[in-house]
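Below is one structure; the comments refer to it alone.
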Amino acid sequence: MGQNTMTAAELDFRAEVRDWLRMALPPGWGPELRPAKTFAERMEEGKLWQRKVYEGGFGGLGVPVEYGGRPATATQKVIFAEECARARAPEPADIAGEFILAPTLLAMATEEQKQRFLPPIVRGEVTWCETFSEPDNGSDMANIQCRGVVEGDELVVNGRKRWNSMAQHSEWTMLLCRTGEPDSRSRGITFALVNLSTPGIRIEQMPMLTGDTRETEVFWDGARVPMDNVLGAVNEGWRAAMVTLTTQRAIGTAVLVPRASVMVEDLVELAARTRIGGRPAIEDPVIRDGIARCAIDVAALRRTGERAMAASALGRPVGPEVSIAKLHWSESEQRMQRLAVEMLGLRGLLTRDDEAAVDEGFWAHYWLWTHALTIHSGTSEIQRNIIAERVLGLPVKR
Ligand SMILES: Cc1cc2nc3c(=O)[nH]c(=O)nc-3n(C[C@H](O)[C@H](O)[C@H](O)COP(=O)(O)OP(=O)(O)OC[C@H]3O[C@@H](n4cnc5c(N)ncnc54)[C@H](O)[C@@H]3O)c2cc1C
């Protein structure tokens, strides 16, 4: 956020966050960090960090005080993310709960559900995941087939979900299941909040290019979910799902753009200590052009974020325009990491198991991970469809 566009309260908030971060960062975190740790270790650190954030008074920014949160503008939320990125603080483990579910609960849940589910998220006591996608239904979410049948005061769930990030590290999940007729599309879907320790739920690890234990498949075999955990009404989960997906795509602005800014600084630093043809890479015109392109990408993303925040300050809900940000940040991150790996040559491909790897394999690891960014939360093709149809108003292609 540009300093000159901020209010005095926002500037004070930035100073408060900076002061707190100076004393709160766990040992070993800071400017030199490279994530050579395993995914499970990073999740554990993320869980400890989110509790520290709450104890520091920054839990649940933007969540009303009656649910344990702290009032904050959208700009203050970005300031918090920017300062954490700048200080290279750990990533919170519960991105799904804090950034995706909490706004959905505030928009859609009953008072009783808000009282029950929001405070543990704010206090950083739980980790949530999302079980929407299925082996045959990713982009076409309205075609979900995992079955939910209402029996008394329970929803009985049978089916299979795939690509469920962090399910094995989470306690709860947001579930979409079909309660209507098989061909009822978006009119027959129910959104439920499910404790993953419920009998009848089995989680299996999926292999990933990076070696991270991040993705899972979740099998549902007669899992019984209390009807009190249904968000909105039975067969009316589509609206909540749309709030969730829109919020998910907006995360880029809140969390990832500040991190991308720091990544541009890292690229400059990497180029200064890497040699190409006997000279520092930073003197190579192709590398310089590449870094300039990344810096322009990030600047444009920040402006897009500021536009969204200005709209939110005027009370306008986040809409399909978040697809522009999602498309742009995911593709920019890929360009950045490709540039780093190209700059490093063959050594850039070595992973953390190899002694000769640069920065303990950080660049190779992150480059491999960025391939997922244009797929999860809706692929680039789907974002382009949304932009064409719902932002630009172009004819819908059938
Ligand atoms: C790392 C990672 C993490 C994920 N995390 C989660 C999670 O936590 N929870 C969850 O529920 N899901 C998650 N997903 C699943 C993700 O949302 C889906 O993979 C994604 O929506 C694409 O669905 P699909 O894999 O079924 O591909 P498909 O929908 O089969 O698409 C295949 C290809 O066809 C293209 N395509 C499909 N439809 C159209 C169209 N109408 N127009 C143009 N092109 C089209 C797609 O862009 C893609 O290139 C994750 C995926 C990944 C890779």
Side-chain angles (χ1 to χ4, degrees), residues 39 42-43 91 93-101 104 127-146 157 159-178 185-186 189-194 196 201 203-220 237-238 240-249 251-252 256 320 322-323 326-327 329-331 333-334 337 365-390 394-398:
F39 189 75
R42 298 206 302 276
M43 281 299 286
E91 218 171 284
D94 188 31
I95 302 260
E98 182 182 353
F99 294 97
I100 304 174
L101 179 61
T104 310
T127 303
W128 281 82
C129 66
E130 187 185 83
T131 38
F132 290 179
S133 305
E134 299 178 354
D136 294 322
N137 302 294
S139 302
D140 187 12
M141 216 172 70
N143 194 34
I144 272 172
Q145 295 302 323
C146 174
V157 185
R160 179 176 177 184
K161 296 285 177 177
R162 180 177 281 175
W163 289 113
N164 309 122
S165 307
M166 280 92 90
Q168 75 284 44
H169 300 291
S170 303
E171 292 84 34
W172 285 83
T173 187
M174 300 168 246
L175 168 75
L176 289 184
C177 60
R178 179 154 308 281
R185 303 276 304 165
S186 59
I189 288 176
T190 296
F191 191 131
L193 306 170
V194 185
L196 285 166
I201 300 178
I203 300 173
E204 275 189 19
Q205 194 69 57
M206 290 175 73
M208 286 192 77
L209 267 181
T210 53
D212 283 347
T213 54
R214 191 178 197 281
E215 301 308 320
T216 67
E217 283 198 85
V218 182
F219 298 82
W220 303 72
W238 188 249
M242 288 302 105
V243 175
T244 304
L245 283 186
T246 306
T247 314
Q248 186 166 340
R249 287 166 192 159
I251 294 180
L256 301 174
V322 294
S323 289
K326 187 331 168 133
L327 180 67
W329 66 249
S330 53
E331 296 192 348
E333 287 254 5
Q334 286 182 347
Q337 297 311 314
H365 182 270
Y366 204 65
W367 172 66
L368 290 173
W369 163 242
T370 56
H371 288 74
L373 300 183
T374 46
I375 303 173
H376 78 60
S377 312
T379 66
S380 286
E381 290 77 16
I382 294 301
Q383 306 312 320
R384 287 192 166 90
N385 285 352
I386 294 171
I387 295 165
E389 292 166 12
R390 293 202 263 143
L394 297 177
V396 176
K397 189 168 173 286
R398 296 274 170 225

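Note that ligands are numbered from 1 as they come in the structure, with each ligand's atoms numbered from 1 the same way. Bear in mind the structure is a predicted one, so any value in this text is a computation, not a measurement.
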If we only count N/O pairs under 3.5 Å, is Phe132 in contact with ligand 1? yes
Using a 3.5 Å cut-off on N or O atoms only, is Trp369 in polar contact with ligand 1? no
Can you pull out the closest protein heavy atom to atom 51 (C) of ligand 1? Residue, atom name and distance to 0.1 Å, please. His376 CB, 3.7 Å
Picking from Gln168, Glu91, Met166, Arg214, what satisfies side-chain contact (heavy atoms from CB on, under 4.5 Å) with Met43? Met166
Determine yes or no for a side-chain-to-main-chain donor-acceptor pair under 3.5 angstrom, with Thr374 supplying the side chain and Thr379 the backbone. no
Specify side chain, backbone, both or neither for Met166, according to which of its non-hydrogen atoms lie closer than 4.0 Å to ligand 1. neither
The closest protein heavy-atom partner of atom 42 (N) of ligand 1 is Asn385 ND2, 3.0 Å
Going by the order shown, which atoms of ligand 1 are within less than 4.0 Å of some heavy atom of Ala372? 1 (C)
State whether Asp140 and Arg185 are salt-bridged, where the test is any N-O pair (Lys NZ or Arg NE/NH1/NH2 against Asp/Glu carboxylate O) under 4.0 Å. yes
Looking at atom 29 (O) of ligand 1, tell me if a protein heavy atom falls under 4.0 Å from it. yes
Dump the intermediate steps for side chain to side chain donor-acceptor pair (under 3.5 Å) on Thr370 and Glu333, then the final yes or no. CA-CA 7 Å; Thr370 56; Glu333 287 254 5; over 6 Å; no
Is the side chain of Glu217 donor-acceptor paired with the backbone N or O of Ile203 at a distance under 3.5 Å, no angle test? no
Quick one: does any side-chain atom of Lys326 pair with a main-chain N or O of Gln383 as donor and acceptor, under 3.5 Å? no
Atom 39 (C) of ligand 1 - nearest protein heavy atom and its distance: Ile382 CD1, 3.6 Å
With distance as the sole test, does Ser323 use its side chain to make a donor-acceptor pair with the main-chain N or O of Ile386 at under 3.5 Å? no
Evaluate the ring planes of Phe132 and Phe191, with Trp represented by its six-membered ring, and classify them as parallel (under 30°), tilted (30 to 60°) or perpendicular (over 60°). perpendicular
Protein contact to atom 5 (N) of ligand 1 [nearest heavy atom, distance to 0.1 Å]: Ser165 OG, 2.8 Å
Run Ser165 and Glu215 through side chain to side chain donor-acceptor pair (under 3.5 Å) and show every step you take. CA-CA 5 Å; Ser165 307; Glu215 301 308 320; 3.0 Å; yes
Atom pair OH/NE2 of Tyr366 and His371 - distance to nearest 0.5 Å: 13.0 Å
Look only at interatomic distance and state if Trp163 has a nitrogen or oxygen under 3.5 Å from any nitrogen or oxygen of ligand 1. yes
Of all protein heavy atoms, the one nearest atom 9 (N) of ligand 1 is Glu130 O, 2.8 Å
Taking both backbone and side-chain atoms of Glu381, is any N or O found less than 3.5 Å from an N or O belonging to ligand 1? yes
Of Ala167, Ser377, Ala96, Gly138, which has the heavy atom at the shortest distance from atom 24 (P) of ligand 1? Gly138
Looking at atom 33 (C) of ligand 1, tell me if a protein heavy atom falls under 4.0 Å from it. no
Contact check: Thr379 vs ligand 1, nitrogen or oxygen atoms, below 3.5 angstrom: yes
Shortest heavy-atom approach to atom 27 (O) of ligand 1 - which of Ser133, Pro135, Ser139, Ser380: Ser139
Check this for me: does any side-chain nitrogen of one of Lys161 and Glu134 sit under 4.0 Å from a carboxylate oxygen of the other? yes
Atom 19 (O) of ligand 1 - nearest protein heavy atom and its distance: Ile375 CG2, 3.6 Å
